[in-house]
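I have placed the structure first, in the form of structure tokens, so that the comments after it can refer back to it.
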Amino acid sequence: MGKSVAQGSAHTEAEESTYYRCIGIGVGPANLSLASLLHGLPGVSNLFLDENDQFGWHDGQQLTGASLQVSLLKDLVLLSDPTNGFSFLAYLHEQGRIYHFINAQYDAVPRMEFRNYLEWASRRNKNVVFGEKVLSVEFDDWFVVRTSRRTLRAENIVVGVGTRPWVPETSLGKLGETQFHVSDFTVESQNVAGRRVAVVGGGQSGAEAFLDLIARPPKELPRRVTWVSRRENYLPLDDSPFTNEYYVPSYSDHFFGLDRATRNSLNRKNILTSDGISGSTLREIYQHCYEHRFIRGAQDLVTLLPNRDVTDVARNESGAWAMKMTHNDEPGTVEHLDTDIIVWATGFRPAPTDFLAPIADRLEREGDEYRIDQDFAVRWDGPRDRMIFMQNAARGQRGLADPNLSLTAWRSRRILDRIIGEGSDRQLPSFVEWSAKPSDDEPGAP
């Protein structure tokens, strides 16, 4: 076997081994967490590849005032290794701003600051490489990873390619400067003054886009901003203590053991624990609505249309977008809305993993997901000591916490432990007893 790469050393074509204990595909928060936990760990040669030329994390949605919906403790490593040098607090300390951050008294971490922290972690780790696309993964005793630059071999693969923007079918082929996904908001929303804008989507991203539009200076305000949502109202994130017990390791394991129908039902029922709107954002939106209507006299600036489904979008005779909507409480009704610009805040879906095509027929599936085991390894017909792990790609099997930052460090630690054959999960169980506790008493006993 080829010589292992020394951890933390710079890579060159001459010095680089083609053999690795672990190769990660994609460098978002999930794989960046694992790379950070692996950094400096002896005996586990690793390399993480990303096709983009540089790190990015929701760069098109980094709006002024946007903040995380999770605790600052839920960073890349801290909840699994509090002493790790890739923590958010280590970042603040190294940048010389930790006292300033404390004094700023943020209620939540500014999202742009967290994005900068992630980029810092990616730059600090020499085993993270950008500008190299993985083309295919094959298997021949080892996983053979063919990239845009070279061919590598690995005992284990960790897929963390993240998500991509999703828009409804009615918008396909129509995207551009006047109809775009919210992931491009900071670029595409510059020229909205005096125009009609519709934001479609009732989650945090839609709320932030709507707030940004109605909070602009008078000369930059749109003529009208309409907010359309499928939900019956603009509903808050449930961030209460016992709700957050859904976002601890023991509940993730409990959820994994349930049948598929029950898991799907729980994800639908508990969606607002993950995809609701921060209370501070809702309050700020309401205050701006009040100011525009009652203080500034702008009666027609804001239109709120919850409980609607957008069924069609087409150009009308004037060149604007004509939207058709149905009201969920009034079946058969059709509403019409003309607008100049449409912002689709309709979420994200898992990014494709076409590079797995050469071995796809050997990997088990569960619906749209790869079927994983308790350690996030895909079930397949290959050797037990050769594994493919899935990061942020098992919401149906692991629950709403899977794409959330809450369990990122824990999931990475579990994958690491599986790779090295150790166990280090010493967290106490939830206060809540999620599973049934069958009684030892005989039926009918008092």
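By the 30° and 60° cut-offs, the orientation of the rings of Phe88 relative to Phe101 is perpendicular. Classification of the Tyr117-Tyr91 ring pair by plane angle, with boundaries at 30° and 60°, yields tilted.
Pairs engaging residues 200-213 under the side chain to side chain donor-acceptor pair (under 3.5 Å) rule: Gln61-Ser205, Gln69-Gln204, Arg111-Glu208, Gln204-Glu208, Gln204-Thr281, Asp212-Arg216 [sequence neighbours left out].
Distance check: Ile420 CD1 to Cys22 SG gives 11.5 Å after rounding to the nearest 0.5 Å.
Geometric assessment of Arg365 against the ring of Tyr370 yields a positive cation-pi assignment under the 6.0 Å and 45° thresholds. In this structure, Arg124 satisfies the cation-pi test against Phe86, with its NZ or CZ atom closer than 6.0 Å to the six-membered ring centre and inside 45 degrees of the ring normal. A cation-pi arrangement is not found for Arg123 relative to Phe55, the charged atom failing to lie both closer than 6.0 Å to the ring centre and inside a 45° cone about the ring normal. Trp57 does not carry Arg115 over the face of its six-membered ring by the limits of under 6.0 Å from the centre and within 45° of the normal.
The pair Arg153-Asp141 does not count as a salt bridge, with every side-chain nitrogen at least 4.0 angstrom from each carboxylate oxygen.
The shortest side-chain heavy-atom distance between Asn392 and Arg411 falls under the 4.5 Å cut-off. Contact check for Ser67 versus Tyr106: no side-chain heavy atoms found under the 4.5 Å cut-off.
Using modelled atom types, one finds no donor on one side chain facing an acceptor on the other under 3.5 Å when comparing Ser274 with Tyr246. Between the side chains of Ser406 and Lys74, at least one donor N or O lies within less than 3.5 Å of an accepting N or O.
Smallest separation of non-hydrogen atoms from Leu68 and Leu405: CD2-CD1, 4.3 Å.
Not counting sequence neighbours, His288 has no partner by the ring-ring contact (aromatic ring centres under 6.0 Å, His included) test.
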